[in-house]
Amino acid sequence: MIYRNHQGIHFTEQGKQVLLIAHNIMKEKENLMNINFDHKKISLKISIGNGDYALSPLYRMLNDQTVQDEVQITIINCSVEEALEKTYQHVIDVAYFIIPRSMENQVRDFALSHHLLIRCLKDICCQINVRENHPLLDNFSKERLWNYPFVDFINQRPNAYDTYQQYINPHKIIEVDHHSLRSKIVSETNTYSIGVPMSHQMKESLHIVGVPTPELIMQIYEIRRESDKDNVLLNQYYQMIEQELFKL
């Protein structure tokens with residue numbers, strides 16, 4: 001691998017190749033050492049309420065993380081009021097929720113007085129969700145909603161559906177604690193729900209039809225602590241949700 005002459009010691013061609021291999025091995029060792037040093041353990045608690053739109057971005061965000069990062073995400077179901085309080089109290093890191101326009105000032109006032117960062121992602125027209133071939137679709141009218149069970153979330157705030165509240169029969173309400181369970185019940189029975197539009201893919205898989213409700217406009221908000229304004233992971237999640245909402 002080496003030879004000696006009157007000018008000193010030199011590498012042979014084979015020796016140069018071995019030296020290059022050894023150099024690459026040392027470089028890979030340094031990279032492995034850096035992975036250990038850069039390893040991050042990240043724990044996030046997120047409230048997405050009844051936000052089906054937030055599920056796919058959550059998967060994509062986790063799937064895009066590098067092998068150095070260990071990310072643990074906990075989804076917590078909160079009402080709007082609980083989400084505001086728990087974000088302020090550092091119980092959760094970020095919350096996404098849907099509110100009628102009539103609640104906007106109340107939510108913004110709380111955020112301002114508690115040093116929370118609040119952003120409106122979208123104003124969106126809600127829809128009534130029913131299964132394909134639901135009897136309501138034969139001759140749809142808002143008044144006929146009274147005759148069918150309504151699937152809602154546990155501890156839903158009063159008058160959450162504004163003008164449509166009058167068409168919901170209070171004696172025919174099924175309360176659930178998760179959006180996927182709500183969708184399953186609606187897809188298999190003659191019940192209905194009210195919410196933001198589902199993605200085309202989700203409606204097809206569940207065989208659900210959405211009837212627009214132009215009188216009912218909801219707002220989708222994100223809220224987090226001001227100290228987390230530049231949190232890379234939360235900003236990445238926010239951008240992915242924006243992309244998801246653009247499809248609706």
Side-chain angles (χ1 to χ4, degrees), residues 43-58 73-129 145 149-186 191-198 213 216-226 228 234 237-238 241 244-245 248:
S43 177
L44 290 177
K45 290 188 171 75
I46 300 174
S47 171
I48 59 174
N50 57 350
D52 293 339
Y53 60 85
L55 294 176
S56 178
L58 193 60
I73 292 181
T74 305
I75 298 176
I76 301 173
N77 283 330
C78 295
S79 66
V80 175
E81 291 78 7
E82 287 175 332
L84 291 167
E85 288 284 354
K86 289 183 177 181
T87 304
Y88 171 66
Q89 295 168 356
H90 290 246
V91 176
I92 59 177
D93 299 292
V94 66
Y96 288 88
F97 50 76
I98 304 168
I99 59 171
R101 285 174 172 169
S102 57
M103 282 189 68
E104 180 180 9
N105 289 338
Q106 175 189 340
V107 169
R108 287 192 177 276
D109 287 346
F110 184 97
L112 182 63
S113 61
H114 290 76
H115 306 288
L116 298 176
L117 180 66
I118 184 167
R119 294 188 284 188
C120 182
L121 285 87
K122 190 169 186 175
D123 285 19
I124 195 163
C125 173
C126 288
Q127 65 179 20
I128 296 167
N129 299 307
L145 293 172
F150 177 63
V151 187
D152 201 6
F153 292 101
I154 293 173
N155 299 323
Q156 182 64 277
R157 61 191 177 277
N159 299 315
Y161 302 99
D162 274 6
T163 57
Y164 275 78
Q165 202 73 43
Q166 63 185 307
Y167 305 117
I168 299 171
N169 189 333
H171 303 295
K172 292 186 176 183
I173 295 179
I174 301 170
E175 292 186 330
V176 298
D177 64 355
H178 199 269
H179 43 270
S180 60
L181 181 55
R182 182 179 72 161
S183 299
K184 183 174 177 58
I185 293 172
V186 170
T191 57
Y192 71 98
S193 66
I194 299 176
V196 298
M198 297 180 181
T213 59
L216 185 57
I217 304 296
M218 292 286 193
Q219 295 177 313
I220 301 176
Y221 277 91
E222 184 222 53
I223 194 158
R224 66 173 92 167
R225 291 177 290 279
E226 288 183 353
D228 287 328
L234 294 184
Y237 187 42
Y238 178 87
I241 288 181
E244 191 73 17
L245 289 174
L248 300 181

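Remember, predicted model here, so these are calculated numbers, not experimental data.
Rounding to the nearest 0.5 angstrom, the gap separating the CD atom in Gln127 from the OG1 atom in Thr213 is 8.0 Å. Rounding to the nearest 0.5 angstrom, the gap separating the SG atom in Cys120 from the CD1 atom in Ile220 is 8.0 Å. Note that CD1 of Ile92 and CD1 of Ile75 are 12.0 Å apart. Values are rounded to the nearest 0.5 Å.
With Tyr192 as the partner, the ring pair (Phe, Tyr, Trp, His ring centres under 6.0 Å) test is satisfied by one option alone out of Tyr164, Tyr167, Tyr161, Phe150: Phe150.
His115 NE2: 12 or fewer foreign heavy atoms inside a 6.0 Å radius. Enclosure of atom NZ in Lys172 by more than 12 non-hydrogen atoms of other residues, nucleotides or ligands within 6.0 angstrom is indicated.
Using a 4.5 Å heavy-atom threshold, the side chains of Phe97 and Ile223 count as touching. In this structure, Ile98 and Tyr53 have side chains that are in contact, with non-hydrogen atoms separated by less than 4.5 Å. By the 4.5 Å heavy-atom criterion applied to side chains, Leu84 and His114 are not counted as neighbours. Looking only at side-chain heavy atoms (C-beta outward), Asp228 and Leu117 stay at 4.5 Å or farther from each other. Side-chain contact check for Tyr238 versus Val94: every heavy-atom pair is 4.5 Å or farther apart. Residues Ile46 and Leu58 form a side-chain contact, since some pair of their non-hydrogen atoms from C-beta on lies under 4.5 Å apart.
In this structure, the side chain of Thr74 does not engage the main chain of Lys45 through any donor-acceptor pair within 3.5 Å. Not a single donor-acceptor pair under 3.5 Å links the side chain of Thr87 to the backbone N or O of Arg224.
For residues 84-96, the set of pairs meeting the salt bridge (charged side-chain N to carboxylate O under 4.0 Å, His left out) definition, not counting sequence neighbours, comprises Asp93-Arg225.
Closest non-hydrogen pair, Ala160 versus Gln165, comes out as N-OE1, 3.2 Å. Summarising the geometry of Gln166 relative to Thr163, their closest heavy-atom pair is NE2-O, 2.9 Å, with the distance given to 0.1 Å. For the pair Met218 and Pro100, the tightest heavy-atom approach, listed with the atom from each and the gap, is SD-N, 3.3 Å. The heavy-atom pair separating Ala54 from Ile48 by the smallest distance is CB-CG2, 3.7 Å. Across Ser193 and Val151, no two heavy atoms sit closer than the pair CB-O, 3.7 Å. Minimum heavy-atom separation, Lys122 to Leu245: NZ-O, 2.7 Å.
The pair Arg101-Asp162 does not meet the salt-bridge criterion, since no charged nitrogen lies less than 4.0 angstrom from a carboxylate oxygen.
The salt bridge (charged side-chain N to carboxylate O under 4.0 Å, His left out) test applied to Glu82 returns no partner, not counting sequence neighbours. For Thr191, the side chain to side chain donor-acceptor pair (under 3.5 Å) criterion is met by Thr189, not counting sequence neighbours.
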* Should Leu44 and Tyr237 be marked as a side chain to side chain contact (heavy atoms under 4.5 Å, CB included) after you check the CA-CA gap, both sets of side-chain angles, and the distance that decides it? -> CA-CA 11 Å; Leu44 290 177; Tyr237 187 42; over 6 Å; no
* Please step through side chain to side chain contact (heavy atoms under 4.5 Å, CB included) for the pair Phe110 and Ile118, ending with a clear verdict. => CA-CA 10 Å; Phe110 184 97; Ile118 184 167; over 6 Å; no
